[in-house]
Amino acid sequence: MFLLPLVASTSFSRSGCFGFFPDADGIPRSRNNTSLSSSSRGRQRRLELRLQPSSTSPPVGHRHGQQQQHHGSMGAARAGNGSDGIATNLPEADDYCLTARDIRCVVLDIEGTTTPIPFVTDVLFPYARSNVRAYLVDTYRTRQTMDDVAFLRAQIDKDLADGVPSAVLVPPPSAPEEEVIDALVANVEAMIDADRKLPALKQLQGRIWRLGFDGGEIQGVVYDDVAEALARWHGTGTVRSYIYSSGSREAQRLIFGNTEAHGDLRRYLSAFFDTSVGGKREPRSYYEIWQTLGVDSPSQILFLTDVYQEATAARDAGFEVLISIRPGNAPLPEDHGFQTITSFAQISV
Ligand SMILES: [Mg+2]
């Protein structure tokens with residue numbers, strides 16, 4: 001086990017917030033003199049994210065020299081995952097060779113594949129939840145936030161029409177600002193708590209996270225073997241790498257552009273896809289990605305994910321698929337039938 005210290009603020013520092021969202025006249029100012037950002041400025045708490053290292057991820061600096069040995073010991077390493085509640089006796093790829101299979105594009109899920117799930121659930125989500133009120137107070141009248149709120153209102157209206165129990169009616173824009181923000185915050189908190197994959201929520205979360213990343217309060221977490229594989233694949237000159245995540249593209253760029261251990265990894269990534277191309281459990285989404293990537297056949301695209309339903313959708317669209325087994329991931333069906341990996345070191349070029 002290792003500790004990843006991350007500093008997360010319970011509110012935004014005003015300078016950081018206004019640095020990105022000045023008023024229409026360009027002069028940063030608070031909309032509410034009693035805003036949370038003012039009252040709690042400087043109050044920070046330190047989050048320590050405890051993460052279980054991958055059982056097949058040796059320390060950086062040892063992996064390249066031990067790659068053959070690493071592959072050879074995979075069976076033993078794989079057996080250890082049973083203690084994490086992950087189904088055993090699954091077909092695992094000893095070595096998945098990209099060039100042997102004519103793979104030209106690798107599309108990566110984030111949560112549970114390139115990045116530990118606890119980073120999202122224990123760091124990113126709480127950060128957005130803790131800061132949403134201060135963010136809305138500080139930026140309420142900016143054009144960007146007005147657009148984000150309109151997007152959010154449309155989702156809340158749909159939720160109310162659909163009878164979503166946690167949905168709270170938002171007063172009209174003409175109502176006092178505090179009342180509107182109170183209702184928006186209640187809805188956003190409920191959406192985060194339910195881990196809903198809503199574009200309006202993801203967009204707002206991305207805005208809030210940007211301030212955390214830009215201020216150095218949050219840093220992205222990407223497995224060592226992922227960072228090394230991205231560099232290795234990029235070095236071939238023939239394999240391009242992409243991200244496809246339910247998180248907004250802005251959030252994706254933040255995570256990969258500001259990693260704690262590897263710096264900016266975006267130089268290895270050719271594009272980012274989010275659910276604007278469709279849901280991750282829908283084969284049509286993968287068809288759309290294939291059309292965008294432009295390779296002759298969907299079988300020239302390898303998709304990596306930790307979620308069985310996403311793997312099935314990609315396979316149905318003709319993609320090659322590997323399922324990522326990482327500590328903390330949800331168990332897979334015993335008979336899922338996909339090849340699995342526990343480290344990107346198992347994918348050779
Ligand atoms: Mg995932």
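In this chain, residues are counted from 1 in sequence order. Every number for a ligand or one of its atoms is a count from 1 in the order of the listing.
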Just checking, Arg326 and Tyr223: is the charged tip under 6.0 Å from the six-membered ring centre and within 45° of the axis?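 The answer is yes, since Arg326 meets both limits relative to Tyr223.
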Looking only at N, O or S atoms in [X], which is nearest to the Mg ion (ligand 1)?
| X | value |
| --- | --- |
| Glu111 | O |
| Asp306 | OD1 |
| Asp109 | OD2 |

Do Tyr244 and Glu310 have side-chain atoms, one donor and one acceptor, less than 3.5 Å apart?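 Tyr244 vs Glu310: no donor-acceptor pair found between side chains.
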Quick one: side chain to side chain donor-acceptor pair (under 3.5 Å) pairs with a partner in residues 165-176, sequence neighbours left out?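 Found none.
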Can you list everything that forms a salt bridge (Lys or Arg N to Asp or Glu O under 4.0 Å) with Glu288? Sequence neighbours excluded, please.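 If we apply the salt bridge (Lys or Arg N to Asp or Glu O under 4.0 Å) test to Glu288, skipping adjacent residues, the hits are Arg284.
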